[in-house]
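In listed order, ligands and their atoms are each counted from 1. We're numbering straight along the sequence, starting at 1. The basis for the numbers below is simple: all heavy atoms, side chains too, and nothing from hydrogens, waters or symmetry mates.
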Amino acid sequence: MFKCIEKENHYCNLFNGEWVSNEKTIDVFSPINNTILGTVPAMSKEDIDKIIENSKTSQLKWGETPVSERASVLHKAAFLLEDQADHIAKVLMNEIGKDIKSSLSEVKRTAEFIRFTADAGKHMDGEAIGADNFPGFKKNKMSFAQRVPLGVILAISPFNYPINLSASKIAPALIAGNSVILKPPTQGSISALHLARIFQAAGLPNGVLNTVTGKASEIGDYIVTKEEINFINFTGSTEIGKHIAKIAGMVPMMLELGGKDAAIVLKDADLDEAAREIVSGAYSYSGQRCTAIKRVLVTEDIADELVKKMLDQVQKLKVGNPEDGCEVTPLINTKSADFVQELIEDAINKGATLLCGNKRIDNLIYPTLFDNVTTDMRLAWEEPFGPVLPIIRVKDMDEAIIIANKSQYGLQSSVFTQNINHAFYVANKLEVGAVQINNKSERGPDHFPFSGVKASGMGTQGIRYSIEAMSRLKSIVLTVD
Ligand code: NAP
Ligand code: G3P
C-alpha cells in the first residue's frame, strides 16, 4: 500500500485520511458501452490488516466525540453531496447504467438520508430505570442505560445502489460513534469512492472511514472473518449473505438480501392504478432492485383486463441509453443478462404466454412480460434481477397468499384492492417485512423500517433502526444504601 495521487481515472482508497493504492488494480468498465471508466486498487490481505488496525484506533476518539459534533460532520457531508449531485449522478449512471433521473434521485435521496440521520442521532437517548417495580426490589437501585458504539463496522454494499446503500450503512454507524470500513461492490466502487471523498471533505477525522476496494472473490472471506470487526452490515444476494453468515462466526450482522416481491391483484382493485404501479415497480432500473415487483398474482375474473392494461404500460417504456431517460437499460454484466435469458427460455419451453419482449442486444434485454406462468416454471420462484415479469393467474386471494408465501424470499409484497378488509386480510397473512396497499413495493421513505424475512435477510434497516442495530445499550447500575 502506498500514497497515491488520483490521475487519469486511477481511483484510490481512503486510509487514515490519505489516498492510497496498491500495485495491483482492477479495470472498471461501463455496462452501457463497455468503455473503461477507470481503475481501482485491488487491496491485499496485508493492506486489510493495516486498515482494520487503523479503524480500531481511530474509533476510540470518535466514540467519545459529542454526538452534536458528529452530527455537524454529517450535515456538512449532506450539503457537499447535494452540491455535487449532478457530477456524482453522472459517474453513477456511467458505472451502473442507471438512468440519469434515477441516478440523480439516488444521490439527492442519500443527502437527505445523511441529514435525517444526523438529526435522529441527536435524539437517541438512553434511559434511567428504577428497580422498585420489579418484585422484591427497593427504590435504592437505578440502571443508567446509555447507547454506546459497537466499534468497527464493516459495510458491504451491492452494485445497484452503490451510493445510497453505502451511505445508509455509513451514516448511522458514524452518528452512533463507530468507525467504518466500506467494501463497495467492484462494479460501483468508483461511485462509492466519490462518496468517501465527500465524508473526508466534510471533516470526518482520519481513519473513521476507510475504504477497501478489491474483488470479493479474493478478499471477501478474509475481511468478514477478521475478529476485530464488531458488526457486519451487508446488502447483496441471498447466496453471498448466507455464505457470510456461515463463515463470520459470532459477530452481529444485518443482512439485506434478495426478494421475489409479489403484487396481488384482487377483483375490486382499481386496475388502471394497479397496472401503472406494477409496471413501474417491476421495470424501473431494468428490474435491478431488491424491491422490484417480481411476480403478479391476479384472480382469474379480472386477469384479462389487467393483462391488457399492463401490456399497454410496458409498451410505453423507453428502452436504451440511460442518458436519454430510458427506464430499461443494459444490465450490469453479461452474466446477469445470460441468467435472465435462461429464465425467459425456461418459461417459453414450459408453455408460458409471451406477451412482449424476449429481445436482446448484448446486455440490453427488452421489457419482457409473460402471462399464464405456472408454478413449475423457474420464473415463478427465482429472482431474475432483470426486466422480466411473470403473471400467475389464481382462483382467489387465498390461493394468491399460498403461492406468495411458498417463496423462499420474504422482502415485501403489494396488494391491490379497494376493499380495506381484503387488504388487511391479505397483508396480515403474508410472510414479508412490509406489505404495500395499492402501491408498488419500495424501501423509502428511508426512515421507515425495512427488513426481509426468510431468505431475504435479518435485522431491520431504516434510520433509527439502523442506529439502534449499530449501537448497544450499556447499563451502569447505581445502588445506594
Ligand atoms: P452480491 O454479488 O451478493 O454482492 C454484494 C456485495 O458483496 C459486493 O460488494 C460484493 O463484492 C460483496 N461480496 C461478494 N462475495 C463476498 C464475500 N465472500 N465476502 C464479502 N463480500 C462479498 O450482490 P449484487 O449482485 O451486488 O446485488 C444484487 C443482489 O443484492 C440481489 O440479489 C438483490 O436482491 C440484493 N439486494 C438486496 C437489497 C435489500 O435491501 N434487501 C438491496 C439491494 C440489493 P464484489 O462486487 O467485489 O463481488
Ligand atoms: O434494491 C435496493 C433497495 O434498497 C430498494 O430501494 O428505493 O429501489 O425500493 P428502492
(request) List the steps, then state whether side-chain hydrogen bond (donor to acceptor under 3.5 Å, both in side chains) holds for Ser55 with Ser179. (result) CA-CA 6 Å; Ser55 297; Ser179 62; 4.7 Å; no
(request) Could you see which bit of Val224 sits under 4.0 Å from ligand 1, with heavy atoms only: side chain, backbone, both or neither? (result) side chain
(request) Measure Glu383 to ligand 1 on non-hydrogen atoms and call it side chain, backbone, both or neither using the 4.0 Å cut-off. (result) side chain
Which of the ligand 1 atoms, numbered from 1, are nearer than 4.0 Å to a heavy atom of [X]:
{"X": "Phe450", "result": "40 (O)"}
{"X": "Lys183", "result": "9 (O), 11 (O), 45 (P), 47 (O)"}
{"X": "Gly214", "result": "47 (O)"}
{"X": "Thr186", "result": "45 (P), 46 (O), 47 (O)"}
{"X": "His243", "result": "18 (N)"}
{"X": "Pro184", "result": "9 (O)"}
{"X": "Lys215", "result": "47 (O)"}
{"X": "Leu165", "result": "42 (C), 43 (C)"}

(request) Pick, from Asn160, Asp261, Ile247, Ile223, the option with the minimum heavy-atom distance to atom 44 (C) of ligand 1. (result)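 Going through Asn160, Asp261, Ile247, Ile223 one by one, Asn160 has the nearest heavy atom to atom 44 (C) of ligand 1.
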(message) On a heavy-atom basis, I'd like to know which of Ala248, Gly236, Pro158, Gly258 is closest to atom 35 (C) of ligand 1.
(response) Gly236
Could you say whether the N/O atoms of [X] and ligand 1 ever approach to under 3.5 Å?
{"X": "Lys294", "result": "no"}
{"X": "Phe385", "result": "no"}
{"X": "Ala216", "result": "yes"}
{"X": "Gln187", "result": "no"}
{"X": "Thr238", "result": "no"}

(message) If you define the side chain from C-beta out and look only at heavy atoms, does anything of Ile181 sit under 4.5 Å from Ile223?
(response) yes
What residue and heavy atom of the protein are closest to [atom], and at what distance?
{"atom": "atom 25 (O) of ligand 1", "value": "Phe159 CD2, 3.5 Å"}
{"atom": "atom 37 (C) of ligand 1", "value": "Leu257 O, 3.0 Å"}
{"atom": "atom 4 (O) of ligand 2", "value": "Arg443 NE, 2.6 Å"}
{"atom": "atom 9 (O) of ligand 2", "value": "Thr291 OG1, 2.6 Å"}
{"atom": "atom 8 (O) of ligand 2", "value": "Tyr161 OH, 2.4 Å"}
{"atom": "atom 20 (C) of ligand 1", "value": "Gly220 CA, 3.6 Å"}
{"atom": "atom 18 (N) of ligand 1", "value": "Asp221 OD1, 3.0 Å"}
{"atom": "atom 7 (O) of ligand 2", "value": "Arg109 NH1, 2.8 Å"}
{"atom": "atom 36 (N) of ligand 1", "value": "Cys290 CB, 3.6 Å"}
{"atom": "atom 3 (O) of ligand 1", "value": "Ser237 OG, 2.6 Å"}

(request) Check step by step if side-chain hydrogen bond (donor to acceptor under 3.5 Å, both in side chains) holds for Thr57 and Asn54. (result) CA-CA 5 Å; Thr57 316; Asn54 176 259; 5.9 Å; no
Look at [X] together with [Y] and state whether they make a salt bridge at an N to O cut-off of under 4.0 Å.
{"X": "Asp221", "Y": "Lys45", "value": "no"}
{"X": "Arg109", "Y": "Asp446", "value": "yes"}
{"X": "Glu256", "Y": "Arg443", "value": "no"}

(message) Working note: Thr368 + Asn358, criterion side-chain hydrogen bond (donor to acceptor under 3.5 Å, both in side chains); need CA distance, chi angles, decisive distance, verdict.
(response) CA-CA 6 Å; Thr368 301; Asn358 187 25; 6.0 Å; no
(request) For residues Ile232 and Ala248, report the shortest heavy-atom separation together with the two atoms involved. (result)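 Ile232 and Ala248 have their closest heavy atoms at CD1-CB, 3.8 Å.
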(request) For residues Leu311 and Cys356, report the shortest heavy-atom separation together with the two atoms involved. (result) CD1-SG, 3.8 Å
(message) Check contact between Phe234 and ligand 1, using heavy atoms of the residue and a distance below 4.0 angstrom.
(response) yes
(message) Is Ser157 close enough to touch ligand 1? Criterion: a residue heavy atom under 4.0 Å from a ligand atom.
(response)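 Right, Ser157 reaches ligand 1.
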(request) Would you indicate whether Lys108, at its atom NZ, is surrounded by more than 12 heavy atoms from other residues, nucleotides or ligands within a distance under 6.0 Å? (result)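 No, because the 6.0 Å sphere around NZ of Lys108 holds 12 heavy atoms or fewer from other groups.
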(message) Can you tell me if Asp312 has over 12 outside heavy atoms packed within less than 6.0 Å of its CG?
(response)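 More than 12 heavy atoms, drawn from other residues, nucleotides or ligands, come within 6.0 Å of this atom.
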(request) Cation-pi check, Lys98 to Tyr161: give yes when NZ or CZ is under 6.0 Å from the six-membered ring centre and within 45° of the ring axis, no otherwise. (result)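 Pair Lys98/Tyr161 counts as cation-pi.
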Could you check whether any side-chain N or O of [X] sits under 3.5 Å from a backbone N or O of [Y], counting only pairs where one atom can act as donor and the other as acceptor?
{"X": "Asp346", "Y": "Leu343", "answer": "no"}
{"X": "Thr211", "Y": "Leu14", "answer": "yes"}
{"X": "Thr238", "Y": "Leu257", "answer": "no"}
{"X": "Lys260", "Y": "Ser407", "answer": "no"}
{"X": "Asp99", "Y": "Gly325", "answer": "no"}

(request) Record the part of Asn160 in heavy-atom contact with ligand 2 below 4.0 Å; permitted values are side chain, backbone, both and neither. (result) side chain
(message) Using side-chain hydrogen bond (donor to acceptor under 3.5 Å, both in side chains), reason through Gln412 and Gln436 one step at a time and then give a plain yes or no.
(response) CA-CA 8 Å; Gln412 289 203 351; Gln436 305 269 353; 3.2 Å; yes
(message) Using the rule given for side-chain contact (heavy atoms from CB on, under 4.5 Å), can you reason through Asn438 versus Glu277, listing the C-alpha separation, both sets of side-chain angles and the distance that settles it, and then say yes or no?
(response) CA-CA 8 Å; Asn438 295 325; Glu277 284 291 315; over 6 Å; no
Regarding ligand 2, does [X] bring an N or O atom to under 3.5 Å of one of the ligand's N or O atoms?
{"X": "Cys290", "result": "yes"}
{"X": "Ser441", "result": "no"}
{"X": "Gln288", "result": "no"}

(message) My question is simple, although I want it checked carefully: is atom 40 (O) of ligand 1 less than 4.0 angstrom from any protein heavy atom?
(response) yes
(message) Show the atoms of ligand 2 that are less than 4.0 angstrom away from any heavy atom in Glu442.
(response) 9 (O)
(message) Show me which atoms of ligand 2 lie under 4.0 Å from any heavy atom of Arg289.
(response) 1 (O), 8 (O), 9 (O), 10 (P)
(request) Report the C-alpha separation of Glu95 and Phe159 in whole Å, then their side-chain angles, then the decisive distance to 0.1 Å, and conclude whether the side-chain contact (heavy atoms from CB on, under 4.5 Å) test is met. (result) CA-CA 9 Å; Glu95 190 175 19; Phe159 81 82; over 6 Å; no
